[in-house]
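On a predicted model such as this, the values are computed, not experimentally measured, just so you know.
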Amino acid sequence: MTGASVGTGPESGARSLVVGVGARRGAPGDVVFALIEAVLSGAGLDAADVLEVATVDAKGDEPGIVGAAARLGVPLRTHPAGALAAVRVPHPSGAVGAAVGTGSVAEAAALIEADELVVPKTRAPAGNSAAGGVATCAVARRRPAVAGTFQVSGRKTSTSPVTAGSRPFTMAAMNPPTRNIESAGPDLRHHGDAEVRGENLTDLAVNVRTHTPPEWLRERIAASLTSLASYPDGSTARAAVAGRHGLPVERVLLTAGAAEAFVLIARALPARCPVVVHPQFTEPEAALRAAGHRVGRVLLRAEDGFRLDPEAVPEEADLVVVGNPTNPTSVLHPAALLERLARPGRTLVVDEAFMDVVPGEREALCDRTDIPGLVVLRSLTKTWGLAGLRIGYVLAGPETVALLSEAQPLWPVSSPALAAAEACMEPRALVEAAEAADRITVDRAHLLAGLAEFSEVEVVDAARGPFVLVRLERAAEVRERLRLLGFAARRGDTFPGLGPQWLRLAVRDRATTNRFLQALDQAVQALPARSGR
């Protein structure tokens, strides 16, 4: 996967050069090292300024390249061929492109994590290679990261990048760097399980359906344990997912949960201007930022019921991420509105992790093949209680699936997870999921009716997920008092576009909801009056 490295090296400071290297099998280390030295010296560059050596995954164990990086005293960083293929290089080679997918391994590997090409591809003289292994080298410079995102609120808002400085438009400016950068604002890595971990609390913070997985699913998973000595084979499960959605298998990629899919998208798909529609699940933006992207945010407004306005998404956005139904707002966006976000040259990622909780899965896009750039993510975690097993899948065009697959490690999904995926696609499982969706609809209505009795509580209208979003004054104090009364609620201030006055509540059965409503009443009534009120 992008970012795999050997050893450690400086991440900032004076070192700013990335040396990209390509080499045939058997290229000696002294030849590769001599080439790098000659290229640096010829350009008036100091080897002490080299931050890392970079190459394609397939060359990550090539002794000549490994040895050259070791002699320089810097890490060797490797990238999937698909990720390098997305980098435009100034001096492509047709032969290399046919063999690897990128026109120049050296230039692409140098540019993918840098900002400007300093030395173009340079080839080692064939006579210098005793093994007949010709090497190539290119050097790029990495500039300090510049903060800048789209901050978009409301309807029909014109937007432009906001930056703390200037960045030259170079070849690499079209290919965002994949190094780690600090994310600003809310804690994007905070998840609901942190609210209940190690505590004996009734869980309203996590959206996994209770009393799951069912016994028949546990038995199927247990039966798969007899095959643990063999490497996982995902072909049957992949075919089952494809059959469930009426798609060819080439449009299906199995992943270790939807979270892995977000990482793959961030690392493997090219994007100059990625945008995330918020409030929503924070992992997509966290993954994009961890991959070095400068992420724009479209902030939907509470005054509009957090409903999507396609016109608020910047025209220049070439990767857009949106949830449906959206976590944490529980808003179900019409499919027709989402379609308006799609266009040639743009990747539209729709997170449908909770779509199987919507009766009839209306507004789903998972079976659509006519929408350009569409990538749909699904998870089996929520409905089937498989958070600890990690299983989900991507539905997209074959070319996109191929790029994402190349960024995966070998055997990314375990045999038990594959068994679960296959079982959850069977007709009886689909019937059970539909019945669960109907029950959740009834239980959600009961929760909403109870919340309506509180004048202090404002609920986001038209909830369609297995959770509801509420706003109330002093929500943080209420949340802490609920914990003392035995209930965990999900704080809202870690979602961009929300604040400390928001809480997310998972839908539970009527008996649990009744107990929670009593606890909420106690928590609200126990708040001391503020002075001056």
Side chain proximity check, [X] to [Y], heavy atoms < 4.5 angstrom:
X	Y	value
Arg390	Glu260	no
Leu395	Val241	yes
Leu389	Trp384	no
Met355	Cys366	no
Val401	Val252	no
Ile221	Arg218	no
Pro274	Thr347	no
Thr383	Glu432	no

Is a side-chain N or O of [X] found less than 3.5 angstrom from the main chain of [Y], in a donor-acceptor match?
X	Y	value
Gln408	Leu254	yes
Arg444	Gly465	yes
Thr212	Pro214	no
Gln501	Ala475	no
Arg267	Ala291	no
Ser415	Leu228	no
Arg346	Val320	no

Would you call the rings of Phe262 and Phe281 parallel, tilted or perpendicular, where under 30° means parallel and over 60° means perpendicular? tilted
Any idea how Trp502 and Phe306 line up, ring-wise: parallel (<30°), tilted (30 to 60°), or perpendicular (>60°)? perpendicular
Rounded to the nearest 0.5 Å, how far does [atom2] of [Y] lie from [atom1] of [X]?
X	Y	atom1	atom2	answer
Leu482	Leu503	CG	CG	7.5 Å
Glu361	Arg378	CD	CZ	4.0 Å
Leu448	Asp443	CG	CG	11.0 Å
Ile391	Leu418	CD1	CG	6.0 Å
Glu435	Arg439	CD	CZ	6.5 Å
Leu337	Glu363	CG	CD	9.0 Å

Stepwise, does the side-chain contact (heavy atoms from CB on, under 4.5 Å) test hold for Leu380 with Met425? CA-CA 10 Å; Leu380 301 178; Met425 298 300 115; 3.8 Å; yes
[X] to [Y] - nearest heavy-atom pair and separation:
X	Y	answer
Thr512	Phe487	O-CE2, 4.2 Å
Asp318	Cys273	OD1-N, 2.9 Å
Thr494	Pro496	O-CD, 3.6 Å
Ala519	Leu485	O-CD1, 3.3 Å
Cys424	Leu217	SG-CD2, 3.9 Å
Thr513	Arg508	OG1-O, 3.4 Å

Give a yes or no on whether Arg510 atom CZ has more than 12 heavy-atom contacts from other residues, nucleotides or ligands under 6.0 Å away. no
Is the shortest side-chain N to carboxylate O distance from [X] to [Y] below 4.0 Å?
X	Y	answer
Glu352	Arg368	no
Arg297	Glu285	yes
Arg307	Asp304	no

Give the intermediate values and the outcome of side-chain contact (heavy atoms from CB on, under 4.5 Å) for residues Leu451 and Leu520. CA-CA 9 Å; Leu451 292 172; Leu520 178 61; 3.7 Å; yes
Would you check, one step at a time, whether the test side-chain contact (heavy atoms from CB on, under 4.5 Å) holds for Leu341 with Leu308? CA-CA 10 Å; Leu341 294 177; Leu308 175 67; 3.9 Å; yes
Result of checking Arg504, Arg490, Gln280, Lys382 against Asn327 for side chain to side chain donor-acceptor pair (under 3.5 Å): Arg504
Between Asp509 and His446, a side-chain donor and acceptor under 3.5 Å: no
I'd like to check the side-chain hydrogen bond (donor to acceptor under 3.5 Å, both in side chains) partners of Trp411; sequence neighbours left out, ordered by chain and number. none
Give every residue pair that meets the ring-ring contact (aromatic ring centres under 6.0 Å, His included) criterion with at least one member in residues 318-341, sequence neighbours excluded. none
For Val322 and Val313, run side-chain contact (heavy atoms from CB on, under 4.5 Å): C-alpha distance rounded to whole Å, both residues' side-chain angles, the deciding distance at 0.1 Å, then the answer. CA-CA 11 Å; Val322 60; Val313 176; over 6 Å; no
Please determine whether salt bridge (Lys or Arg N to Asp or Glu O under 4.0 Å) holds for the pair Arg474 and Glu456, giving the CA-CA distance in whole Å, both sets of side-chain angles, and the decisive distance to 0.1 Å. CA-CA 10 Å; Arg474 303 165 70 179; Glu456 303 89 347; over 6 Å; no
